[in-house]
Student: 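Sharing a structure here in structure tokens format.
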Amino acid sequence: MSEDKRTFVARRLDEVIHEWEADAPPGSGTGQADGPLVTAQRHRAEVDTATDERVDEIAASYPDIAAAWSSHRD
């Protein structure tokens with residue numbers, strides 16, 4: 001069974017978030033309400049209930065995820 005795009009994007013966002021959290025220096029999250037980590041966390045929270053079109057938009061905002069999806073389908 002192939003993986004659907006929603007699941008694929010969610011899993012990849014989880015990986016991105018985990019990497020960014022692991023690489024963040026201690027205390028760097030304060031004052032970063034619109035930083036890339038917070039944005040990725042918001043996108044991840046949205047993916048599960050987003051429309052298919054919104055999932056496409058979210059995936060497109062992360063070139064690595066969009067490229068991985070394209071390769072995944074080939």
Side-chain angles (χ1 to χ4, degrees):
M1 170 185 262
S2 70
E3 186 174 31
D4 73 335
K5 188 169 189 175
R6 180 180 316 276
T7 303
F8 183 87
V9 171
R11 188 171 43 83
R12 292 296 177 136
L13 278 171
D14 288 340
E15 292 170 3
V16 167
I17 290 166
H18 178 73
E19 288 177 23
W20 287 350
E21 287 173 337
D23 291 343
S28 65
T30 57
Q32 298 287 328
D34 61 347
L37 175 58
V38 173
T39 300
Q41 290 167 328
R42 287 182 184 144
H43 285 155
R44 176 59 187 94
E46 183 181 356
V47 163
D48 293 332
T49 58
T51 64
D52 291 344
E53 293 79 18
R54 182 63 181 139
V55 172
D56 290 341
E57 291 172 1
I58 291 170
S61 16
Y62 300 88
D64 291 345
I65 293 175
W69 174 251
S70 180
S71 297
H72 174 76
R73 294 184 314 160
D74 293 342

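Bear in mind that the values here come from a model prediction, so they are computed numbers and not experimental data.
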Student: For residues Pro63 and Ser61, report the shortest heavy-atom separation together with the two atoms involved.
Tutor: CD-O, 3.6 Å
Student: Let me see the working for Lys5 and Asp52 under salt bridge (charged side-chain N to carboxylate O under 4.0 Å, His left out), right down to the final yes or no.
Tutor: CA-CA 9 Å; Lys5 188 169 189 175; Asp52 291 344; over 6 Å; no
Student: Quick one: pull up CD in Glu19 and CG in Asp14 and give me the separation to the nearest 0.5 Å.
Tutor: 11.5 Å
Student: If you compare all heavy atoms of Ala40 against all heavy atoms of Trp20, which two are closest, and at what distance to 0.1 Å?
Tutor: CB-CZ3, 3.8 Å
Student: Taking the side chain from Arg6 and the backbone from Ala50, do they hold a donor-acceptor pair closer than 3.5 Å?
Tutor: yes
Student: Report the residues that fulfil salt bridge (charged side-chain N to carboxylate O under 4.0 Å, His left out) with Glu46, sequence neighbours left out, ordered by chain and then residue number.
Tutor: Arg54
Student: Keeping Ser70 on the side-chain end and Ala66 on the backbone end, is there a donor-acceptor pair under 3.5 Å?
Tutor: no
Student: What residue pairs, at least two apart or across chains, pass ring-ring contact (aromatic ring centres under 6.0 Å, His included) with a residue in residues 42-62?
Tutor: His43-Tyr62
Student: Closest heavy-atom contact between Val47 and Ala10?
Tutor: CG1-CB, 3.9 Å
Student: Using a 4.5 Å cut-off on heavy atoms from C-beta on, say whether the side chain of Val16 contacts that of Asp64.
Tutor: no
Student: To the nearest 0.5 Å, how far apart are CZ in Arg12 and OG1 in Thr7?
Tutor: 13.0 Å
Student: Just how far is it from atom OG1 of Thr39 to atom CD1 of Ile58, taken to the nearest 0.5 Å?
Tutor: 11.0 Å
Student: Transitively linked via ILVMFWY side-chain contacts under 4.5 Å: Leu13 with Val55?
Tutor: yes
